[in-house]
Amino acid sequence: MGSESLFNRIANDESTKARTGRVTTAHGTVDTPAFMPVGTQGTVKGLTQQMLEDAGASIILGNTYHLFLRPGHTRINQLGGLHRFMSWGRPILTDSGGFQVFSLNELRKLTEEGVEFQSHIDGSTHFLSPEKSIDIQAALGSDIVMAFDECTPFPATRDEAIASLKLTQRWARRSKQRLSDLHSDAANAERSGITVVNQTQALFGINQGSTFLDLREQSLAGLVEIGFDGYAIGGLSVGEEKSAMFEVVSHIAPLMPEDRPRYLMGVGTPEDIIGAVNLGIDMFDCVMPTRNARNGQLFTSRGKLNIKNARYKKDGQPIDDACRCAVCARYSRAYVRHLYMSGEILGAVLTSLHNVSFYLDMMSMMRQAITLGTFKEFSDSFLSGLARGQD
Ligand SMILES: [Zn+2]
């Protein structure tokens, strides 16, 4: 964490706000715009690390909340950190745990200090604060650490949104202080029972403010004053109208520091990601490619395809003939459907691999188009393909 930017901008598209860049970490570089497959419990569901590497994943996301509860951050720390534990040598971003605490837990007690909650696994009581969240993320040794925030519930009144963003602001300051303490003095970490395994962790602050544009601005100004290595937009994709989400992103993205990565949390569909790249967002994460894969929904260049559909019974074509993934190179729709309908494990593996590959390839095509100055043409043509919808 420092004043030097970990982000190099490479190219800006001329007719849109889209941009390409490179984020540099101790575990390698991430070319942006980038999609981060979600590795909730130290695994991107259904995929081996080798499959992720071969599919071109340059960074994955780990969930602080889940890893804290099981197997525990101290255990992972003793085993050398999350990279070594899961045998993933490329960059990792960890979330703060805030979103899960606020979305998974009915029973929670929020105070200035932090939030008390009960484990969704066994009902045991735990406490998460900015300091605790940062300790966990330091124990995991992720390359990008997220400040602990309150994900403002939706809908929120203006007063609720103000209170929430101010709390997030105070927690952001405490998060930064804690990470700096841990990195500067090993004794601090020892007292928390952890060893710092990655001295070069970057810290991102999280913008809140619900759908109130002036509150979003106020939140961003507060974060920039504290100073972070990157800035995330949080509290979206939580039930608001899509138009409201894009209103916030189109308003706030251009105000975010140009020399820092911009991360739109928890978004989204291919259409949403293309729309947000168009507005200057650099990083994304979403469970959609893997979750939908397990439900038989596949993303293709001609829209979504539901492999459960009887029409694929005798279909010898690949899932998507325009896709370059290992699944489309080898297997037919009929075979993937058969595996899915039989409840075979391989069915979920192949659908997950295709969907994650589809997302990663889409990002790669966007980066190339931005570099060539043809992003507008690319996105128009890609979106019209998606809109064809083949079910
Ligand atoms: Zn494919």
Side-chain angles (χ1 to χ4, degrees), residues 30-31 33-40 43-61 88 90 267-274 277 284-369 378-391:
V30 178
D31 289 332
F35 178 76
M36 303 182 277
V38 178
T40 308
T43 162
V44 176
K45 287 189 196 300
L47 302 180
T48 65
Q49 280 64 327
Q50 181 73 51
M51 289 176 191
L52 287 166
E53 288 164 8
D54 293 346
S58 60
I59 178 170
I60 58 171
L61 182 146
W88 174 257
R90 295 181 184 176
V267 171
T269 64
E271 290 88 345
D272 291 345
I273 291 179
I274 292 170
V277 166
F284 301 88
D285 78 283
C286 191
V287 294
M288 203 175 273
T290 43
R291 181 177 291 167
N292 290 23
R294 295 194 302 281
N295 294 322
Q297 193 181 69
L298 303 174
F299 293 97
T300 82
S301 58
R302 285 189 286 269
K304 282 180 260 181
L305 180 158
N306 189 339
I307 201 69
K308 288 176 278 192
N309 199 314
R311 86 165 77 144
Y312 301 120
K313 258 184 197 171
K314 297 184 204 164
D315 193 334
Q317 298 175 81
I319 295 167
D320 182 356
D321 56 18
C323 177
R324 293 168 295 182
C325 89
V327 181
C328 292
R330 184 157 191 171
Y331 304 106
S332 66
R333 292 169 175 177
Y335 179 63
V336 175
R337 180 179 189 279
H338 159 70
L339 295 176
Y340 184 87
M341 299 309 282
S342 315
E344 284 291 336
I345 293 171
L346 186 59
V349 173
L350 297 184
T351 53
S352 300
L353 181 54
H354 165 79
N355 274 358
V356 167
S357 300
F358 178 83
Y359 267 65
L360 294 171
D361 285 348
M362 176 181 79
M363 305 312 291
S364 156
M365 286 186 273
M366 281 196 273
R367 291 192 297 269
Q368 191 180 17
F378 165 80
S379 64
D380 286 349
S381 121
F382 200 83
L383 288 171
S384 77
L386 293 177
R388 285 169 67 179
Q390 52 189 347
D391 234 29

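Start at 1 and go down the list; that is how both ligands and their atoms are numbered.
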Engineer: What is the distance from atom CD1 of I274 to atom CE of M365, rounded to the nearest 0.5 Å?
Structural biologist: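 One finds 8.5 Å between CD1 of I274 and CE of M365.
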Engineer: Using the ring of each side chain (for Trp, its six-membered ring), is F299 parallel, tilted or perpendicular to F358, with breaks at 30° and 60°?
Structural biologist: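 It falls in the parallel class, under 30°.
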Engineer: First locate atom CG of D380, then atom CZ of F378, and finally report the distance between them rounded to the nearest 0.5 Å.
Structural biologist: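 Spacing of CG (D380) from CZ (F378) equals 10.5 Å.
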Engineer: When rounded to the nearest 0.5 angstrom, what is the spacing between CD1 in I319 and SG in C325?
Structural biologist: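 Between I319 CD1 and C325 SG, I get 6.5 Å after rounding to 0.5 Å.
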Engineer: Distance only, no hydrogens: is a donor on one side chain within 3.5 Å (strictly under) of an acceptor on the other, for Q317 and D315?
Structural biologist: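 Checked: Q317/D315 side chains pair up, N/O donor to acceptor below 3.5 Å.
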Engineer: At a cut-off of 2.8 Å, what protein N/O/S atoms sit near the Zn ion (ligand 1)?
Structural biologist: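 As for protein N, O or S atoms lying under 2.8 Å from the Zn ion (ligand 1), they are C323 SG, C325 SG, C328 SG, H354 ND1.
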Engineer: How many angstroms lie between CZ in R333 and CG in L298, if you round to the nearest 0.5 Å?
Structural biologist: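 Here the rounded value is 9.5 Å.
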